[in-house]
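Only one structure is covered here, and it is reproduced in the block below.
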There are 2 protein chains.
Amino acid sequence: MRRRILESAKKLFLDLGYEKTSIRGIAEDIEYSPATIYLYFKDKNELLFALHQEAFVEFAKTFVKVAHIADPFERLITLGREYLAFAFANPELYELMFLLTAPMEALEIREDVWEDGRSVYMALEMLIAECQAAGHFKGADVQQLSMMIWATVHGLVTIQLRKRCTMFDENERDSRIQGGLDSLIRMLESY
Amino acid sequence: MRRRILESAKKLFLDLGYEKTSIRGIAEDIEYSPATIYLYFKDKNELLFALHQEAFVEFAKTFVKVAHIADPFERLITLGREYLAFAFANPELYELMFLLTAPMEALEIREDVWEDGRSVYMALEMLIAECQAAGHFKGADVQQLSMMIWATVHGLVTIQLRKRCTMFDENERDSRIQGGLDSLIRMLESY
DNA sequence: AAATATAATGAACAGTGTTTAGTAAATTAT
DNA sequence: ATAATTTACTAAACACTGTTCATTATATTT
């Protein structure tokens, strides 16, 4: 039953977005009463946290996708592109993972560590360390550089998802965002 | 009256955060009925859009604060630091400006251009063009670089505000974020 | 003074997340 | 086989949110 709820929630969330996905909507979709949801999930935040975890499973495939690339720097660049591609192909999943407050509130109540975020971030740090070992980023602090790289791609996605590139014409927004990524790549190349 | 509503809304929003600020709460604070709010604002989104505009007035002081710095590159670096400082000193204002969906929805209904965002972004672009004219960022595309720089600082703020640096110990989060900014500055210095 | 405009409201509507006492069905114990 | 217990589910209600609208009181104009 828990599975059914999650599948319905995911479907509605992807179709309608976060704000339009209600407990009642999910209950109606699975043809149960709203109170039934609470037999399986403590509250809505917990439900969204479960979806957040599932989104990370999907997202992890991005890392798998680039794993075959032998050169660490090439892998990093491709990962950056794949990160943006994933975010724009799955905006709702990206919101669940990195923007919505609900999942992190659920985690905070539990006083649990954010294992999904930690493991993905550590993978990024290790990749950047690998690049450095291969001769890139001379003299850079891996931790700082990792944060900077993540912040940049995350910022690009966020600016787009939360509609903060509307100062540009519609036909120019994508190229502006991609241009930001290109600029990052160029800087990393010349580091 | 419109002023009173805005002041109350701002106060409650800063005190309680976005999710806890309701039309009824504002109405109670000014001792009027909730329906009165709608005599002055079309809906909640419009109210939040008005606050969004006020937040930009505050934010613009960040630019004024660095304007006296003669060297454009120094000005840019200081602006970056002030950007983060502003965001962390005024998280709710930053949310209104750059994260919440409500203000942009109000703008979209109106089919208006995002003048606040545009003017601030253009100021950034001009500052970066000025740096380039002074000899920095050789060969860089100003538009791309501007987007990249904004995305980075915005990403850093967003990671913090939306609690996505909880994979780090609490006593290390600030230094990780600041480290990301330091990394950006270092890269800009060596560009 | 009468007519009109303005400012404000009580009540209600539609919707949201959540809780709880109760019920029906399934399972276990006697 | 019957009684007791457990499990799965729900109808109803609560507290709250954003919003609308017919109505009323007050101010202004004719």
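Numbered from 1 within each chain, the chains take letters A, B, ... in sequence-line order.
At distances below 3.5 Å, not a single donor-acceptor pair connects side-chain atoms of R164(B) with backbone N or O atoms of T158(B). Remark: side-chain polar atoms of D43(B) are paired, donor with acceptor, to backbone N or O of N45(B) under 3.5 angstrom. Panel note: side chain S183(B), backbone G179(B); no donor-acceptor pair is recorded below 3.5 Å.
Within 6.0 Å of the CD1 atom in I109(A), the count of heavy atoms belonging to other residues, nucleotides or ligands does not exceed 12. For E28(A), the CD atom counts as loosely surrounded, since its 6.0 Å shell holds 12 or fewer non-hydrogen atoms of other residues, nucleotides or ligands.
Between R81(A) atom CZ and D182(A) atom CG the span is 5.5 Å, to the nearest 0.5 Å.
In this structure the side chain of F49(B) reaches within 4.5 angstrom of the side chain of H52(B), judged on heavy atoms.
Stacking of K44(A) on the aromatic ring of Y18(A) is recorded, both the 6.0 Å distance cut-off and the 45° axial limit being met.
Considering only side-chain atoms of Y32(A), the nucleotide from dT10(D), dG10(C), dA8(C) that sits closest is dT10(D).
Within residues 37-51 of chain A, the residues approaching DNA chain C are Y38(A), D43(A), K44(A), by heavy-atom distance under 4.0 Å. Only T21(A), S22(A), I23(A), R24(A), listed by number, bring a heavy atom of residues 4-26 of chain A to less than 4.0 angstrom from any atom of DNA chain C.
Following rounding to the nearest Å, E31(B) (CD) and dT9(C) (C1') show an atom-to-atom distance of 15 Å.
In terms of phosphate contacts, T36(B) brings no side-chain nitrogen or oxygen within less than 4.0 Å of OP1 or OP2 of dA7(C).
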